[in-house]
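Worksheet for the structure shown next.
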Amino acid sequence: MPMMQRPRRNRKSEAVRAFHRETWLAPQHFISPLFIHENKNDEDIISMPGCQRLGHEGLLREVEQSLEVGVNSFVLFPATPERLKTSHGEEAYNPEGHIQRVLRDLKKRWPDITLVTDVALDPYSSDGHDGIVADDGTILNDETVAVLCKQALSQAQAGADVIAPSDMMDGRIGAIRNTLDEAGFQHVSLLSYTAKYASGFYGPFRDALDSAPKHGDKKTYQMDPANAREALRELHLDEDEGADMVMVKPAGAYLDVISLVRDNTTLPVAAYQVSGEYAMLKAACQNGWLTEEKVVPEALMAIRRAGADVILSYFAKQVSTWMKEGKIPYGA
Ligand code: PBG
């Protein structure tokens, strides 16, 4: 058959495919989310096979293994015992709190790692909400922002390199930036959860931290999954308020939003492949219905292709290990 164009010629071998591959995965693209608790032993998280709530020894081991495969950035999520939870989440800014102690210890051991912290009240809130709940059930915005500023400052004082507000209160990026600057923490970055959707895909995370809302849902602060333009509104506010990096979350079901945000900002874009995305892939792979070494890199590559610079993923260590072993395509 005479044909001037045969696109298949550009796919004929791995070498030729690699000539014009547009997107790469590399360990430096990842931030590894880690769940920690104050118990000594690690505890399996049932809905996230392969992930655990780590005790201190377990955490140190996990960091060390991740560093060996090139993953140098971590975001820490503490599970707080029920007795320390209050309606205003005061434990969030206790200078001797769990996360504050862990940050100091990790920074002392590994000064060069990048530690990202989550700002939101849900792990510390007796209501399981990211903000303070009024008597009528409303989530109070400005009162919450005041507490989030204290939380962010206390994390910066303990050694956080990047502060990541995931609460979705209005005005929190600007308020936290001011608080940090006034206290001399100009060098601490803000990674804003810019377009964080009210998603069902956070279920396993809430199991991991036992942090599900006791009443109601998060729809008055997290975004409606039906909306993309609203992400641009949040993006422009975060840029004006001084965000250094912006995030879209979840990732896999919101690739269009990642792409939209990418096209509308010069800031680095992050995406969070959340607990439910991890659980879905893991469950299918454990059943033998999908092959982990194929679908995990593909799902991550799609997030990069959509425009994410950096990915928060529970697969960070695993996929970087495969890269080191030369087992996966499209690794750098
Ligand atoms: C807390 C927070 C959540 C996640 C990250 N930070 C849960 C929520 O908003 O309910 C979800 C991450 C995941 O599902 O992996 N504000």
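In listed order, ligands and their atoms are each counted from 1.
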Same hydrophobic cluster for I132 and V119, using side-chain heavy-atom links shorter than 4.5 Å among ILVMFWY? yes
Basic-acidic side-chain contact under 4.0 Å: [X], [Y]:
X: K317; Y: E62; value: yes
X: D167; Y: K196; value: no
X: R53; Y: E38; value: no

Using a 4.0 Å heavy-atom cut-off, which part of [X] comes near ligand 1: side chain, backbone, both, or neither?
X: A120; result: side chain
X: D167; result: neither
X: D122; result: side chain
X: Y272; result: side chain

Looking at D130, which atoms of ligand 1 are within less than 4.0 Å of one of its heavy atoms?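 Atoms satisfying the 4.0 Å criterion: 16 (N).
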Closer than 4.0 Å to some heavy atom of Q222 - which atoms of ligand 1 meet that?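 Ligand 1 atoms under the 4.0 Å threshold to Q222: 8 (C), 9 (O).
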Nearest non-hydrogen protein atom, atom 8 (C) of ligand 1: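 Its nearest protein heavy-atom neighbour is K218 NZ, 3.3 Å.
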Quick one: look up the protein heavy atom nearest atom 14 (O) of ligand 1 and list residue, atom name and how far away it is.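 Ranking protein heavy atoms by distance from atom 14 (O) of ligand 1, first comes S275 OG, 2.7 Å.
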Counting heavy atoms only, name the option from Y278, Y202, Y314 that's nearest to atom 15 (O) of ligand 1.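 Answer by nearest heavy atom: Y314.
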Any N or O of K196 that comes nearer than 3.5 Å to an N or O of ligand 1?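 Yes: some nitrogen or oxygen of K196 is under 3.5 Å from one in ligand 1.
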Using a plain distance cutoff, I'd like to know if S166 has any nitrogen or oxygen under 3.5 Å from a nitrogen or oxygen of ligand 1.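 Right, the criterion is met.
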Centroid-to-centroid, F35 to F205, below 6.0 Å?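 They qualify: ring centres under 6.0 Å apart.
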Is N39 reaching over with its side chain to a backbone N or O of N41, donor-acceptor style, under 3.5 angstrom? no
Using heavy atoms and a 4.0 Å limit, tell me yes or no: is K249 in contact with ligand 1?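 Judged by the 4.0 Å heavy-atom criterion, K249 does count as contacting ligand 1.
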Decide side-chain hydrogen bond (donor to acceptor under 3.5 Å, both in side chains) for Q100 and S154; before the verdict, give the C-alpha distance in whole Å, the side-chain angles of both, and the deciding distance to 0.1 Å. CA-CA 7 Å; Q100 287 81 358; S154 132; 2.6 Å; yes
Is the shortest heavy-atom distance from the side chain of T86 to the side chain of Y124 under 4.5 Å?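 Sidechains of Y124 and T86: no contact.
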